[in-house]
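Convention: sequence-line order gives letters A, B, ...; per-chain numbering from 1.
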Amino acid sequence: MEAEQGSLDHVPIRATWSPSDASEVAAMLDKARGDGLAVVPAGGRTKLHWGNRSDAECVALLDLSRLRDPLDVQGDEGIAIVGAGVPVRELERAARAVGKRTRLPALWDAATVGGTIAADPVGPATRPHQRLRDELLGLEVALANGELTRSGGQVVKNVTGFDLVRLYCGSLGTLGVITRVTLRLWPLPELRVVRLREVASVDTAIQTAHAIVARGVDPAGLAVLPGPSGARVVCAVEGSRVDAEERAVRVAGETVGEDVWTEAERQVSGSQEPVDGCDVRVSGRASDTLPIARAVADAGGGLRVALPALGTVFARVAADALDALEARAVRERWAFFVERAAPEVKSARDVFGPPPDALPLMRRLKALFDPERVLSPGRFVGGI
Amino acid sequence: MDPRTGELVDRLRELPSVEDVLAGASEMFVYESDGLTLTRGRAAAVAFPSTTRAVCEIVRACNEFGVPFVPRGAGTGLSGGATPVDGCVVIECARMDQVLSIDAVNRTATVQPGLVNAHLTDAVSGLGLHYAPDPSSQTACTIGGNVAENSGGPHTLKYGTTSPHVLSLEVVLPDASVVQLGRRDAHAVGYDLRGVFVGSEGTLGIVTAATVRLMPDPETVCTLLASFPSLVSACEAVSTIIAAGIVASALELLDDKTIDAVEASVFAAGYPRNARAVLLVELDGTDAAVQAERARVRTVCQSHGAIEVRVARDEQEREAFWRGRKGAFGAMGRRAPDLYVHDAVVPRTRLPEVVEAITRAAEERNLRIANVFHAGDGNLHPNLSFDRRDADELARIVDMGEEILRICIEAGGVLSGEHGIGLEKRDYMHMLYTDEDLEPMRWVHEAFDPADACNPGKVIPQPRACTESNPRHRGYEKVTF
Ligand SMILES: Cc1cc2nc3c(=O)[nH]c(=O)nc-3n(C[C@H](O)[C@H](O)[C@H](O)COP(=O)(O)OP(=O)(O)OC[C@H]3O[C@@H](n4cnc5c(N)ncnc54)[C@H](O)[C@@H]3O)c2cc1C
Ligand SMILES: Cc1cc2nc3c(=O)[nH]c(=O)nc-3n(C[C@H](O)[C@H](O)[C@H](O)COP(=O)(O)OP(=O)(O)OC[C@H]3O[C@@H](n4cnc5c(N)ncnc54)[C@H](O)[C@@H]3O)c2cc1C
């Protein structure tokens with residue numbers, strides 16, 4: 001990976017710091033600010049390729065993987081309190097031991113709780129009304145001013161002041177470094193069924209997926225993948241035994257193993273190896289899924305996976321097709337995000353697409369949270 | 001009215017897009033508080049916009065005159081969020097009550113902020129859809145108020161509070177510019193400003209349109225009413241239901257005092273008078289799932305000593321079960337001139353001991369208390385009846401409010417689950433957060449409202465070190481909490 005070669009998008013990594021607890025994180029941020037050194041937080045490093053090329057001359061990598069304390073799963077309360085460096089997989093195992101689960105599925109063994117929250121990824125298991133930020137109850141965050149702060153709480157319902165938790169989620173570590181997380185747990189379903197339907201084309205597959213939703217299935221996961229002779233609809237249902245069985249009947253198709261599901265998730269993540277072309281994510285309303293998939297095909301891109309319930313399409317396109325596809329997305333009011341591309345390609349654009357009209361507000365926030373631009377400068381939307 | 005204010009009122013009246021402007025002393029009386037009558041303020045004027053443009057023009061005029069403004073919906077808030085700061089302009093959004101568009105395919109609706117919560121569901125029920133957040137005040141409160149408070153309701157247990165249902169907001173910022181926060185498709189780019197705006201209690205700007213998610217109606221709904229010989233056994237039943245992995249859509253508890261009040265009122269729901277607690281359980285989903293869960297819930301309740309478990313046989317009976325719960329505050333309100341509806345959250349498993357401690361504290365202060373809970377969320381509403389003309393009782397009420405917070409925070413809880421901080425709890429924020437914790441909230445405020453013009457003095461306390469308090473943060477006639 002790039003990080004191991006000593007650079008991030010060709011920006012040299014001058015040092016890697018591995019704090020062992022939250023107060024060390026805060027102290028390191030304080031020092032970095034004093035030294036005028038930019039810091040890029042890192043968890044499992046499976047999404048470090050997200051974001052613009054930093055405008056810093058060099059950066060220090062703040063490796064949070066040692067923040068493994070606590071790993072406190074409170075089954076009765078339905079919450080877990082964990083260090084940001086705890087791998088999602090490990091949390092998942094601990095939760096399962098008490099009959100619970102989180103809604104942070106992770107494919108890569110290395111992915112950490114903190115990195116996942118900072119990146120706020122979507123995947124086949126993301127339900128439209130249950131985003132990652134809705135699962136978070138409280139965060140401990142080290143700020144650029146060297147203070148360790150708490151927001152939210154440890155209960156499942158809370159409107160005590162501004163909702164900073166949602167602000168930090170998805171901010172790619174540009175407002176603060178997450179050191180500890182309190183999140184919700186849910187009961188393990190009694191039964192989970194993965195169903196596969198093979199159809200003649202991607203168009204048909206997307207329509208089939210919409211029909212599944214319209215039938216009241218409320219899938220626990222839904223994805224459309226290109227197949228050798230057409231396309232595949234993969235749908236997971238979960239619940240009590242009778243419930244999941246009933247929903248599975250409505251999905252139709254054949255019951256398959258979890259490996260089919262895993263393949264869908266892997267397609268979302270793209271390759272962990274360097275690849276030709278760029279990984280893009282284009283998103284709109286659920287009903288935009290089909291037009292987006294067609295636009296990707298028009299741009300000569302290869303569909304990796306479509307998530308029809310979310311209106312999101314993951315594709316691989318050639319670097320020289322990015323501009324046209326982005327222009328199309330802007331016209332149609334779709335969101336356009338280049339998740340992975342060569343550093344030269346990234347340097348020439350804003351990977352998040354045209355900035356939203358709230359960009360001035362976002363800049364003001366960044367200037368107040370991190371006036372000296374210590375945290376991942378230039379990496380976020382609009383070069384924040 | 002000082003001449004400057006008179007000039008501002010004249011200016012507002014000249015704005016063609018503003019429907020109405022009230023400025024008479026008796027008219028201001030109606031707006032001096034929200035549902036929390038413990039705080040009051042006297043506005044200079046109340047302006048009624050019906051369009052986004054009108055809101056911009058009102059805000060611009062206020063800025064020009066250096067007068068603060070306070071957005072208001074239906075005024076049902078319970079923490080003083082819409083209480084005017086003395087001399088301000090109240091921007092009353094109630095006439096911005098239109099459904100602007102409905103997208104049945106993608107299950108979203110775009111509405112104006114003054115739309116009454118229940119009217120949204122009425123507007124889409126023919127499509128088999130509904131708006132999930134359902135505060136007990138839903139026949140009166142507005143979507144704008146709900147967004148500002150991040151309101152919850154009985155069904156928050158399964159479907160979440162307001163925030164997950166808000167996709168995007170059109171907001172008039174305190175500098176009178178208009179900005180879109182979030183996106184209609186939920187794929188927002190950049191910081192989640194929509195997320196931080198929801199629950200900001202009218203301090204960051206004025207919502208002029210909201211695109212919200214609509215949910216498909218559940219195929220089957222089943223409501224059970226279980227009565228228990230003690231509050232503790234009812235709480236234990238709740239814990240067991242959750243531990244069994246049953247995701248109920250609502251788990252609501254009423255204590256004996258509440259049952260008495262409800263049964264003596266027009267909201268009488270047929271709750272058993274001999275019970276010490278009534279638990280309402282609602283299940284929804286596919287027919288098969290609901291039937292299976294219903295049997296399990298019944299067994300759990302019986303194993304915890306339920307006196308009786310009833311299942312609503314039809315929609316009429318279901319509504320009757322709920323009538324008592326939704327009318328509980330109203331029923332209690334009949335018993336004394338004033339009612340203080342408190343709101344706090346504790347870890348769910350601590351509910352029984354916390355309720356016991358709160359009840360004891362009320363008895364020690366010779367106060368009348370009745371409890372209603374969103375038990376599945378650990379969200380409790382101790383309700384205190386009082387007469388604000390009785391100075392001694394008023395002092396005990398204020399002291400009790402603080403005691404409830406102390407008990408809840410000691411148990412690992414927070415200051416509010418759904419009614420917000422407003423003025424009521426602003427100065428208690430330090431019970432939960434340090435000044436350093438609060439600093440990022442101040443930054444958020446500073447980014448949106450650097451001039452501190454919009455609903456000043458709410459939610460965030462002055463830093464403890466600050467002895468000189470901001471003059472804008474005074475100007476409320478407020479019982480000292
Ligand atoms: C709903 C959902 C679905 C998912 N689906 C998939 C899937 O289908 N496929 C898949 O592969 N994975 C999936 N995941 C897992 C996930 O995509 C990533 O692997 C994970 O987000 C990255 O974690 P990381 O620790 O490797 O972060 P890193 O790559 O180390 O960091 C990611 C970003 O966050 C910043 N950062 C890291 N740690 C912190 C911190 N503590 N504080 C502040 N900023 C920090 C970094 O600077 C970087 O910008 C899913 C997760 C969720 C929640
Ligand atoms: C009987 C009763 C039962 C209740 N039950 C519940 C319940 O179950 N759950 C719950 O969460 N709450 C409940 N509440 C509290 C209250 O109804 C909610 O807080 C509601 O969301 C307030 O809406 P409103 O329109 O009355 O707002 P208001 O009281 O008018 O205002 C509330 C806040 O919103 C701000 N505001 C209003 N409109 C806008 C706008 N357009 N833009 C920006 N800010 C705005 C105001 O400045 C204020 O800070 C109850 C209240 C009562 C009286």
Practice item. Count the heavy-atom pairs under 4.5 Å between each of B:Asn379, B:Thr161, B:Leu204, B:Val459 and chain A, then report the option with the highest count. Key: B:Asn379
Review point. Taking atom CZ of A:Arg150 and atom CG of B:Asp437, what is their separation to the nearest 0.5 Å?
Key: 5.0 Å
**Study point:** Heavy-atom proximity to chain B below 4.5 Å, by part of A:Phe369
**Key:** both
Practice item. Please state whether the side chain, the backbone, both or neither of B:Thr434 comes within less than 4.5 Å of a heavy atom of chain A. Key: neither
Check your understanding: What is the minimum heavy-atom distance between A:Lys366 and B:Tyr191, and which atoms define it?
Key -> CD-OH, 3.8 Å
Review point. Quick one: of A:Thr174, A:Val122, A:Leu188, who has the most non-hydrogen atom pairs under 4.5 Å with chain B?
Key: A:Thr174
Practice item. Calculate, to the nearest 0.5 Å, the distance between atoms CD and CD belonging to B:Glu439 and A:Glu147 respectively. Key: 9.0 Å
**Study point:** Atom of B:Pro164, atom of A:Asp134 and distance for their closest heavy-atom approach
**Key:** CB-OD2, 3.6 Å
Review point. Tell me, side chain or backbone of A:Phe336 under 4.5 Å from chain B's heavy atoms, or both, or neither?
Key: neither
Review point. So which part of B:Asn150 gets closer than 4.5 Å to some heavy atom of chain A, the side chain, the backbone, both or neither?
Key: both
Review point. Given side chains that start at C-beta, do those of A:Leu143 and B:Trp443 come closer than 4.5 Å, heavy atoms only?
Key: yes
Point to revise | Minimum-distance pair of heavy atoms, taken over all atoms of B:Leu157 and A:Arg184 | key: O-NH2, 4.2 Å
Revision key, fill the gap. Cut-off 4.5 Å, heavy atoms of chain A, and the answer for B:Gln291 is neither
Review point. Can you name the closest pair of heavy atoms from B:Leu415 and A:Thr160 and give their distance?
Key: N-OG1, 3.3 Å
Revision key, fill the gap. Under 4.5 Å to a heavy atom of chain A? For B:Val196 that would be both
**Study point:** Closest non-hydrogen atom pair, A:Asp163 against B:Gly195
**Key:** CB-O, 3.8 Å
Point to revise | Salt-bridge present (B:Arg296, A:Glu190; N to O < 4.0 Å) | key: no
Practice item. Among B:Gly190, B:Pro218, B:Gly285, B:Gly245, single out the residue with the greatest number of heavy-atom pairs under 4.5 Å to chain A. Key: B:Gly190
Check your understanding: In terms of heavy-atom pairs under 4.5 Å, which option from B:Pro450, B:Gly378, B:Gly417, B:Gly199 contacts chain A the most?
Key -> B:Gly417
Check your understanding: Of the backbone (N, CA, C, O) and the side chain (C-beta and beyond), which part of A:Glu246 lies under 4.5 Å from a heavy atom of chain B, both, or neither?
Key -> side chain
Point to revise | Heavy-atom contact with chain A under 4.5 Å, split by part of B:Met441 | key: both
Point to revise | Side chain / backbone / both / neither for B:His419 at chain A, heavy atoms under 4.5 Å | key: backbone
Review point. Quick one: what part of B:Leu181 sits under 4.5 Å from any heavy atom of chain A, side chain, backbone, both or neither?
Key: side chain
Check your understanding: So which part of A:Arg133 gets closer than 4.5 Å to some heavy atom of chain B, the side chain, the backbone, both or neither?
Key -> side chain
**Study point:** Contact origin within B:Glu219 toward chain A - heavy atom pairs under 4.5 Å
**Key:** side chain
**Study point:** Which atoms of B:Ala292 approach chain A - backbone, side chain, both or neither, heavy atom under 4.5 Å
**Key:** side chain
Review point. Among A:Val98, A:Leu175, A:Asp288, A:Leu310, which has the most heavy-atom pairs under 4.5 Å with chain B?
Key: A:Leu175
Revision key, fill the gap. One should read off an interatomic distance between B:Thr286 OG1 and A:Glu245 CD, to the nearest 0.5 angstrom, of 11.0 Å
Exercise for review: Identify which part of B:Leu167 has an atom lying under 4.5 Å from any heavy atom of chain A, answering side chain, backbone, both or neither.
Suggested key: neither
Review point. Within the side chain of A:Arg333, is there an N or O that forms a donor-acceptor pair under 3.5 Å with the backbone of B:Arg183?
Key: no
Exercise for review: Counting only heavy atoms closer than 4.5 Å, note whether B:Val346 contacts chain A via side chain, backbone, both or neither.
Suggested key: backbone
Revision key, fill the gap. Heavy-atom nearest pair, B:Gly413 first then A:Val155, reads CA-CG1, 4.2 Å
Point to revise | Proximal component of B:Ser151, with respect to chain A [non-hydrogen, under 4.5 Å] | key: neither
Exercise for review: Specify which of A:Val156, A:Asn158, A:Asp76 makes the most heavy-atom pairs with chain B at under 4.5 Å.
Suggested key: A:Asn158
Review point. Considering only heavy atoms, which portion of A:Leu359 lies under 4.5 Å from any heavy atom of chain B: side chain, backbone, both, or neither?
Key: neither
**Study point:** Expected output: side-chain B:Arg213 to main-chain A:Pro128 donor-acceptor under 3.5 Å
**Key:** yes
Exercise for review: Without swapping roles, check the side chain of B:His187 against the backbone of A:Val282 for a donor-acceptor pair under 3.5 Å.
Suggested key: no
Check your understanding: Any sub-3.5 Å donor-acceptor pair from A:Asp357's side-chain atoms to B:Val179's backbone N or O?
Key -> no
Check your understanding: With chain A, which of B:Ser177, B:Ser163, B:Ser239, B:Ala188 has the greatest number of heavy-atom pairs at distances under 4.5 Å?
Key -> B:Ser163
Check your understanding: Would you say the side-chain atoms of A:Arg166 pair up with the backbone N or O of B:Phe197, donor to acceptor, closer than 3.5 Å?
Key -> no
Review point. When only pairs under 4.5 Å are counted, which of B:Arg442, B:Arg350, B:Met215, B:His165 shares the most heavy-atom pairs with chain A?
Key: B:Met215
Exercise for review: Against chain A, label B:Val444 side chain, backbone, both or neither, depending on which of its atoms sit under 4.5 Å from a heavy atom there.
Suggested key: both
Check your understanding: Do A:Phe337 and B:Val189 pass the side-chain contact (heavy atoms from CB on, under 4.5 Å) test, and can you show the C-alpha distance, the side-chain angles, and the key distance before you say yes or no?
Key -> CA-CA 9 Å; A:Phe337 175 28; B:Val189 178; over 6 Å; no
Check your understanding: Hey, does the side chain of B:Gln180 reach the backbone of A:Ala358 with a donor-acceptor pair shorter than 3.5 angstrom?
Key -> no
Exercise for review: Let me know if A:Ile79 has heavy atoms under 4.5 Å from chain B in its side chain, its backbone, both or neither.
Suggested key: neither
**Study point:** A:Gln154 (side chain) donor-acceptor with B:Pro347 (main chain) under 3.5 angstrom
**Key:** no
Point to revise | From CD (B:Glu446) to CG (A:Leu365), nearest 0.5 Å | key: 10.5 Å
Practice item. To the nearest 0.5 angstrom, please state how far the CG atom of A:Asp120 sits from the CG atom of B:Asp192. Key: 8.0 Å
Review point. A:Lys100, A:Arg250, A:Arg131: which one forms the most heavy-atom pairs within less than 4.5 Å of chain B?
Key: A:Arg250
Practice item. Considering only heavy atoms and a distance below 4.5 Å, find which of A:Val159, A:Val381, A:Asp243, A:Thr149 pairs most often with chain B. Key: A:Val159
Practice item. Measure from the side-chain N and O atoms of B:Asn106 to the backbone N and O of A:Ser287, and report whether any donor-acceptor pair falls under 3.5 Å. Key: yes
Check your understanding: chain B heavy atoms under 4.5 Å from A:Ser151: which part of the residue, side chain, backbone, both or neither?
Key -> backbone
Check your understanding: For B:Ser416, is it the side chain, the backbone, both, or neither that has a heavy atom closer than 4.5 Å to a heavy atom of chain A?
Key -> both
Check your understanding: Among A:Gln74, A:Lys157, A:Gln130, A:Arg364, who wins on heavy-atom pairs under 4.5 Å with chain B?
Key -> A:Lys157
Review point. Only one of B:Thr108, B:Asp185, B:Val105 forms a side chain to side chain contact (heavy atoms under 4.5 Å, CB included) with A:Arg285, so which one is it?
Key: B:Asp185
Review point. Which atoms of A:Val213 come close to chain B, meaning under 4.5 Å heavy atom to heavy atom: side chain ones, backbone ones, both, or neither?
Key: both
